[in-house]
Amino acid sequence: EAGVTQSPRYAVLQEGQAVSFWCDPISGHDTLYWYQQPRDQGPQLLVYFRDEAVIDNSQLPSDRFSAVRPKGTNSTLKIQSAKQGDTATYLCASSPGLGAETLYFGSGTRLTVL
Amino acid sequence: GEQVEQLPSILRVQEGSSASINCSYEDSASNYFPWYKQEPGENPKLIIDIRSNMERKQIQELIVLLDKKAKRFSLHITDTQPGDSAMYFCAASPNTGYQNFYFGKGTSLTVIP
């Protein structure tokens with residue numbers, strides 16, 4: 001079974017630039033999460049979906065971050081105008097859904113904003 | 001949302017000894033407590049979990065304890081090996097249907113040979 005796939009693995013930007021991260025969850029997993037993990041810290045939830053619907057995006061900085069999952073499969077997280085404080089690893093995770101508890105994480109995208 | 005505190009942030013132990021990591025949570029609705037291990041450059045992987053209907057769970061050298069009254073749970077690694085060196089994260093999840101997971105800040109464990 002293929003795992004959660006993310007791309008790119010690394011991104012380096014200047015402040016003000018835009019970047020998009022892509023995630024392909026495990027086939028059949030209806031719940032998809034985006035986490036931000038600053039260096040030496042735990043993952044912090046940004047947004048999560050059930051199918052194409054956003055369940056919780058209260059921690060997503062809506063002025064610069066956006067996330068979509070239009071067909072309930074792949075997802076894209078976009079930062080419109082990156083700041084140095086956005087430097088972190090962005091982890092995508094998926095779960096089989098209702099009643100299922102294990103998160104399966106992708107390898108992450110390590111973002112550096114100069 | 002839920003707040004999870006994890007201590008210590010750094011832990012160094014001698015090979016063969018035990019290592020303990022402690023977490024506390026605030027939301028009494030939290031009922032599922034997984035532990036993830038993250039090795040350098042890798043993604044977090046589930047190693048053990050405990051549900052609120054249990055007080056203790058053991059898988060090989062890993063033991064998790066849950067004290068619901070105190071809102072605390074802990075991971076104990078017995079007979080540590082150098083391969084146990086990694087970041088460890090605790091998490092708490094309130095069961096509200098589709099579950100959210102709140103993570104602690106992590107513990108960097110180093111097992112000294």
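By convention in this document, chain letters (A, B, ...) are assigned in the order of the sequence lines, proteins followed by strands, and residues within each chain are numbered from 1.
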Notebook entry, point to check: Using non-hydrogen atoms only, which part of B:Q6 is less than 4.5 Å away from chain A: side chain, backbone, both, or neither?
Noted result: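 It is neither, since no heavy atom gets under 4.5 Å.
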
Note to self: Which atoms of B:P44 are under 4.5 Å from chain A, going by heavy atoms: the side chain, the backbone, both sets, or neither?
What the structure shows: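 Its backbone and side chain both get close to chain A.
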
Check: Under the salt bridge (charged side-chain N to carboxylate O under 4.0 Å, His left out) rule, what pairs show up with a residue in residues 58-76 of chain A, not counting sequence neighbours?
Finding: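 Sorted pair list: A:R64-A:D86.
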
Item checked: OH-CZ distance between B:Y36 and A:F105, expressed to the nearest 0.5 angstrom ->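 That separation rounds to 5.5 Å.
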
Note to self: Nearest 0.5 Å, please: how far is CG in B:N100 from CG in A:L103?
What the structure shows: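 Going from CG on A:L103 over to CG on B:N100, the span is 9.0 Å.
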
For residues [X] and [Y]: do they belong to one hydrophobic cluster (side chain heavy atoms under 4.5 Å, members Ile, Leu, Val, Met, Phe, Trp, Tyr)?
X: B:Y102; Y: A:L46; result: no
X: B:M87; Y: A:Y35; result: yes
X: B:V13; Y: B:L75; result: yes
X: A:V54; Y: A:L32; result: yes
X: B:Y88; Y: B:L66; result: yes

Notebook entry, point to check: What are the two closest heavy atoms between B:N43 and A:G106, and how far apart are they?
Noted result: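 Result for this residue pair: CB-O, 2.7 Å.
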
Item checked: Working for side-chain contact (heavy atoms from CB on, under 4.5 Å), residues B:F103 and A:L45 -> CA-CA 9 Å; B:F103 286 83; A:L45 181 75; over 6 Å; no

Check: Between A:G108, A:A93, A:S58, A:P43, which shows the greatest number of heavy-atom pairs under 4.5 Å with chain B?
Finding: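 Max contact count across the listed options: A:P43.
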
[atom1] of [X]: more than 12 outside heavy atoms within 6.0 angstrom?
X: B:I112; atom1: CD1; value: yes
X: A:Q44; atom1: CD; value: yes
X: B:K105; atom1: NZ; value: no

Next item on the list: Would you please go through residues 45-62 of chain B and name the residues with a non-hydrogen atom below 4.5 Å from one of chain A, in numerical order?
Entry: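 Within residues 45-62 of chain B, the residues under 4.5 Å from chain A are B:L46, B:R51.
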
Margin query: Walk me through whether B:F89 and A:Q41 qualify under side-chain contact (heavy atoms from CB on, under 4.5 Å).
Written below: CA-CA 9 Å; B:F89 297 98; A:Q41 292 190 35; over 6 Å; no

Item checked: Per-residue contact mode, A:Q6 against chain B (heavy atom under 4.5 angstrom) ->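 Contact with chain B involves no heavy atom of A:Q6 at all.
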
Next item on the list: Using a 4.5 Å cut-off on heavy atoms from C-beta on, say whether the side chain of A:D40 contacts that of B:S108.
Entry: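 B:S108 vs A:D40: side chains apart.
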
